[in-house]
Amino acid sequence: MPAVRGDGMRGLAVFISDIRNCKSKEAEIKRINKELANIRSKFKGDKTLDGYQKKKYVCKLLFIFLLGHDIDFGHMEAVNLLSSNKYSEKQIGYLFISVLVNTNSDLIKLIIQSIKNDLTSRNPIHVNLAMQCIANIGSKEMAEAFGYEIPKLLVSGDTMDVVKQSAALCLLRLFRTSQEIIPGGEWTSRIVHLLNDQHLGVVTSATSLIDALVKRNPDEYKGCISLAVSRLSRIVTASYTDLQDYTYYFVPAPWLSVKLLRLLQNYTPPDDPGVRGRLNECLETILNKAQEPPKSKKVQHSNAKNAVLFEAISLIIHNDSEPNLLVRACNQLGQFLSNRETNLRYLALESMCLLATSEFSHDAVKKHQEVVILSMKMEKDVSVRQQAVDLLYAMCDKSNAEEIVQEMLNYLETADYSIREEMVLKVAILAEKYATDYTWYVDVILNLIRIAGDYVSEEVWYRVIQIVINRDDVQGYAAKTVFEALQAPACHENMVKVGGYILGEFGNLIAGDQRSAPIVQFQLLHSKYHLCSPMTRALLLSTYVKFVNLFPEVKSVVQDVFRQHSNLRSADAELQQRASEYLQLSIIASTDVLATVLEEMPSFPERESSILAVLKKKKPGRVPENEIRPAHNSHNHQPDSTTSSLAAPVTHANNTNSADLLGLSTPPAPSNTGVLVDVLGDIYSSATPTAAPSATQNNYNPKKFVCKNNGVLFENDLIQIGVKCEFRQNLGRLGLFYGNKTKFPLQNLSANLQNPGEWVNKLNIQVRPVEPVLEAGAQIQQMVNAECIEDYIDSPSMVVTFLYNNVPQKLTMKLPLTLNKFFEPTEMNGESFFARWKNLGGNPQKSQKIFRATGPMDLTATRTKVLGFGMQLLENIDPNPDNFVCAGIIHTRTQQIGCLLRLEPNKQAQMYRLTVRSSKEPVSIEICELLADQF
């Protein structure tokens, strides 16, 4: 509220005093109602009210509104105050309008006209009041009404500096509401050249505006780079007496310096050698000034000085092109690690996390390892301890991995509960990535479970099982170690899960020792059984039936467990079913059948760890990378291609392991809410471009999904869209997974079917809505259900729209809903096939295509494609063993369409002949086209 001086608006001062002296809410309401009645009567009955009285009553109404009461009159009187020539009356009118007037109000036209009058006024104070009102309201109506006048005021040579400042900030506010209001063409150059203005206040306001414009269209405003560097150079080299009006505690123009440094972070290092050299000189000067003795002991001086310093370091890290500057920045930050100020220590750790990812400064960051470890253990503030953990994770490499992992494990026992889960993920990632000795990796993960079992996610213990199964040389050690861990009196359930899985597979490797004899292993696991959740009990039951195969001597004991009332009559249906089925299997099956059904698990297909994806989801946008990125100017540099040392050769199992049905197969995939690695077996890497990326598609090939159901459907710099499909007869279900690859949330996300095409009456598709906001680094899922009503040709398309940095993006992609997805494989013998083939031999019912192989003819790859197409591959039917013969039935709601296929490769001519016969001509043509496109 405006200050009340002397006798000015004495009635307002008395009213405010009365309100403050009220003893109860009822008394306050009574006093307000009395005042409202008085004001209403004055406005209605007294025609002689002067400007002062109107201002006083409008102020009272504004005060009452700010107390939380509704005001439904007085708006017209406030609008009338806008035409006053007195500053105080016009100010109160604009204040009332900014706070109380709705943009849909009938008075908005009168208000806009009054604002236009003030914008053309010769009084700069009135112009500023008008622009402040426009910015405070900031509606689309204001943007449309004044989108032309404000830019003119901003770049006009006749406009006073104080008005230019307000115009730049007002335009920035309107730009955030409606981006179309900023004119292009010659206006771009005129706005950019405001950085050369003599008045630093104008430059400061204009820099904020240009920064926002650059984020929308960096190429158009690229001319600001040289001007920003030039202005920054003049400020950095100036003394505090040269810029006396804009010096804050001996620091010249700190706010402007920070804004200019942030503006330059929208671009890569300047291409012009002169500009680049001048920028590097500025950054060196800022680093040099940080070493100088402080000119004042007041905290404001150090705050302003450090604000510029940290922003300069951020620009050095962003450019990542000057080794000397990067190392100097690291050394400067290292000095802050022992500073008394908590905020400085936090900021230093945060910036060093980014420096650790640069090839030039990674080694310099490692020199501070001991201090960082001390910060992790001794800091009083949990946020600083968290940042120290982040830095240790970022600086870890092969040379210091064991030491850092051990220190993090030691601290984990006393770590704050709020950071334990994240620490567990980081330790697991580092242990897997840098392990050269697999026994060390197993020890680390089991220690993790022992120390922080409640915070060990499923992904962590899934991963250790995958690695143990894939590595023959660590299986015996893992079995021995987990057996010893299970002997602890207090054993976490996650340890029981790992122990049950590993002993069920490799318990025979330690059974020769009497201390770990089969019956001892069984009794040790079963002693934990009744303390576990139903899910873990189900896993242990599967382990017990594995023991029946591994150790026949414990068969009777295991069968007794299966027969127990608590299992056969368990309230949990899964336990009841497993107990009864395993019991019957152990009784009925012969030794050979048991050995086949319960054989050792095949190796898992090797892929990147999914734990990193989980970590990114938990901390979207701020997980420090544990990779050294190549520098911007290092064209021939080979980046450190440190990959997981635990990579193992892939073993493809040709047979279907019956243990899949018994819960002993591949550990279940983590939750779909993770990133795409869990669904697609393909790592989801976050790519963060330096400038605003475009949504040009760079990975889109819908044809590859004709013979596969899972994978990355679409990918560009902003978003990755994966798909996982299931089909049964004429029904299908698609899970679409949208992953944000940027550091910013994607707003107004929507994904809907494109305007109906040929399929509209032939496919019934239901699309669930998707969440409108996709946070940075996160992933969300959308389900699509489909029903095939009758055969069709063209697949439906999905249109995905969203806003990235307020820039609309639109993507269109075909859904993997080709007709062959509704195939049911059909077994046939040779006689039935050729009889049916002959009956369908008429031209209207068959389609044939001869085409050349696009590459070397690989019959193994051809077989894989044919199997993925969805039909049943009939072996040993065709006289030529190289030919592929298939049969299947396409299910629709209205009918079932039989289909036969014959693919004949000609190795000498490098040609294929594909023949498709079905009971319906369009189906033959479509199936033929779909499969031929795969070659």
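Reckoned from all heavy atoms, side chains included, excluding hydrogens, waters and symmetry mates. As the structure is a computational prediction, the values presented were derived from the model and not from experiment.
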Whether over 12 other heavy atoms sit under 6.0 Å from [X] [atom1]:
{"X": "Asp70", "atom1": "CG", "value": "no"}
{"X": "Gln747", "atom1": "CD", "value": "yes"}
{"X": "Arg262", "atom1": "CZ", "value": "no"}

Option among Ile721, Thr812, Val767 that satisfies the side-chain contact (heavy atoms from CB on, under 4.5 Å) test with Met798: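 The passing option is Val767.
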Would you call [X]-[Y] a salt bridge at under 4.0 Å N-O?
{"X": "Asp197", "Y": "Arg231", "result": "no"}
{"X": "Glu28", "Y": "Lys25", "result": "yes"}
{"X": "Glu35", "Y": "Arg31", "result": "yes"}
{"X": "Lys90", "Y": "Asp118", "result": "yes"}
{"X": "Glu715", "Y": "Lys741", "result": "yes"}
{"X": "Lys215", "Y": "Asp211", "result": "yes"}

Nearest heavy atoms of [X] and [Y], plus distance in Å:
{"X": "Ala167", "Y": "Met131", "value": "CA-SD, 3.5 Å"}
{"X": "Leu195", "Y": "Ala228", "value": "CD1-N, 4.1 Å"}
{"X": "Met76", "Y": "Leu110", "value": "CE-CD1, 3.8 Å"}
{"X": "Thr204", "Y": "Leu200", "value": "OG1-O, 2.7 Å"}
{"X": "Leu774", "Y": "Gly739", "value": "CD2-C, 4.0 Å"}
{"X": "Leu315", "Y": "Gln265", "value": "CD1-CG, 3.6 Å"}

Side-chain donor/acceptor of [X] to backbone N/O of [Y], under 3.5 Å:
{"X": "Ser178", "Y": "Phe175", "result": "no"}
{"X": "Asn716", "Y": "Leu718", "result": "yes"}
{"X": "Ser24", "Y": "Ala27", "result": "yes"}
{"X": "His193", "Y": "Ser189", "result": "yes"}
{"X": "Ser83", "Y": "Asn80", "result": "yes"}
{"X": "Asn306", "Y": "Leu309", "result": "no"}

Inter-residue atom distance [X].[atom1] - [Y].[atom2], 0.5 Å rounding:
{"X": "Glu775", "Y": "Phe744", "atom1": "CD", "atom2": "CZ", "result": "12.5 Å"}
{"X": "Leu263", "Y": "Glu311", "atom1": "CG", "atom2": "CD", "result": "11.0 Å"}
{"X": "Lys44", "Y": "Ile39", "atom1": "NZ", "atom2": "CD1", "result": "13.5 Å"}
{"X": "Cys22", "Y": "Ile29", "atom1": "SG", "atom2": "CD1", "result": "10.0 Å"}
{"X": "Ile64", "Y": "Ile32", "atom1": "CD1", "atom2": "CD1", "result": "5.5 Å"}
{"X": "Ile115", "Y": "Ser121", "atom1": "CD1", "atom2": "OG", "result": "13.5 Å"}

Does a side-chain heavy-atom distance below 4.5 Å link [X] with [Y]?
{"X": "Gln179", "Y": "Arg216", "value": "yes"}
{"X": "Thr120", "Y": "Val127", "value": "no"}
{"X": "Leu260", "Y": "Leu256", "value": "yes"}
{"X": "Leu283", "Y": "Leu261", "value": "yes"}
{"X": "Ser230", "Y": "Arg278", "value": "yes"}
{"X": "Leu815", "Y": "Leu736", "value": "yes"}
{"X": "Gln165", "Y": "His199", "value": "yes"}
{"X": "Phe714", "Y": "Val800", "value": "no"}

Any donor-acceptor N or O pair under 3.5 Å, side chains [X], [Y]:
{"X": "Lys259", "Y": "Ser208", "value": "yes"}
{"X": "Gln782", "Y": "Tyr738", "value": "yes"}
{"X": "Gln132", "Y": "Asn136", "value": "no"}
{"X": "Thr742", "Y": "Asn740", "value": "yes"}

Steps toward side-chain contact (heavy atoms from CB on, under 4.5 Å) verdict (Val773, Leu746): CA-CA 6 Å; Val773 178; Leu746 304 183; over 6 Å; no
Worked check of salt bridge (Lys or Arg N to Asp or Glu O under 4.0 Å) between Asp50 and Lys56: CA-CA 10 Å; Asp50 57 16; Lys56 178 179 67 175; over 6 Å; no
Salt bridge (charged side-chain N to carboxylate O under 4.0 Å, His left out) against Lys55, all qualifying residues, sequence neighbours excluded: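 If we apply the salt bridge (charged side-chain N to carboxylate O under 4.0 Å, His left out) test to Lys55, skipping adjacent residues, there are no hits.
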Aromatic ring proximity, centroids under 6.0 angstrom, Phe96 and His75: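 Centroid separation for His75 and Phe96: below 6.0 Å.
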Ring-ring centroid check Tyr246 Trp255, cutoff 6.0 Å: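 Between Trp255 and Tyr246, which both carry aromatic rings, the centre distance is not below 6.0 Å.
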Set of side chain to side chain contact (heavy atoms under 4.5 Å, CB included) partners for Lys86, sequence neighbours left out: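 Per chain and number, Lys86 pairs via side chain to side chain contact (heavy atoms under 4.5 Å, CB included) with Ser84, Glu89.
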Set of side chain to side chain contact (heavy atoms under 4.5 Å, CB included) partners for Tyr221, sequence neighbours left out: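 Tyr221 satisfies side chain to side chain contact (heavy atoms under 4.5 Å, CB included) with Ile182, Thr188, Val192, Leu213, Val214, Tyr267 once adjacent residues are dropped.
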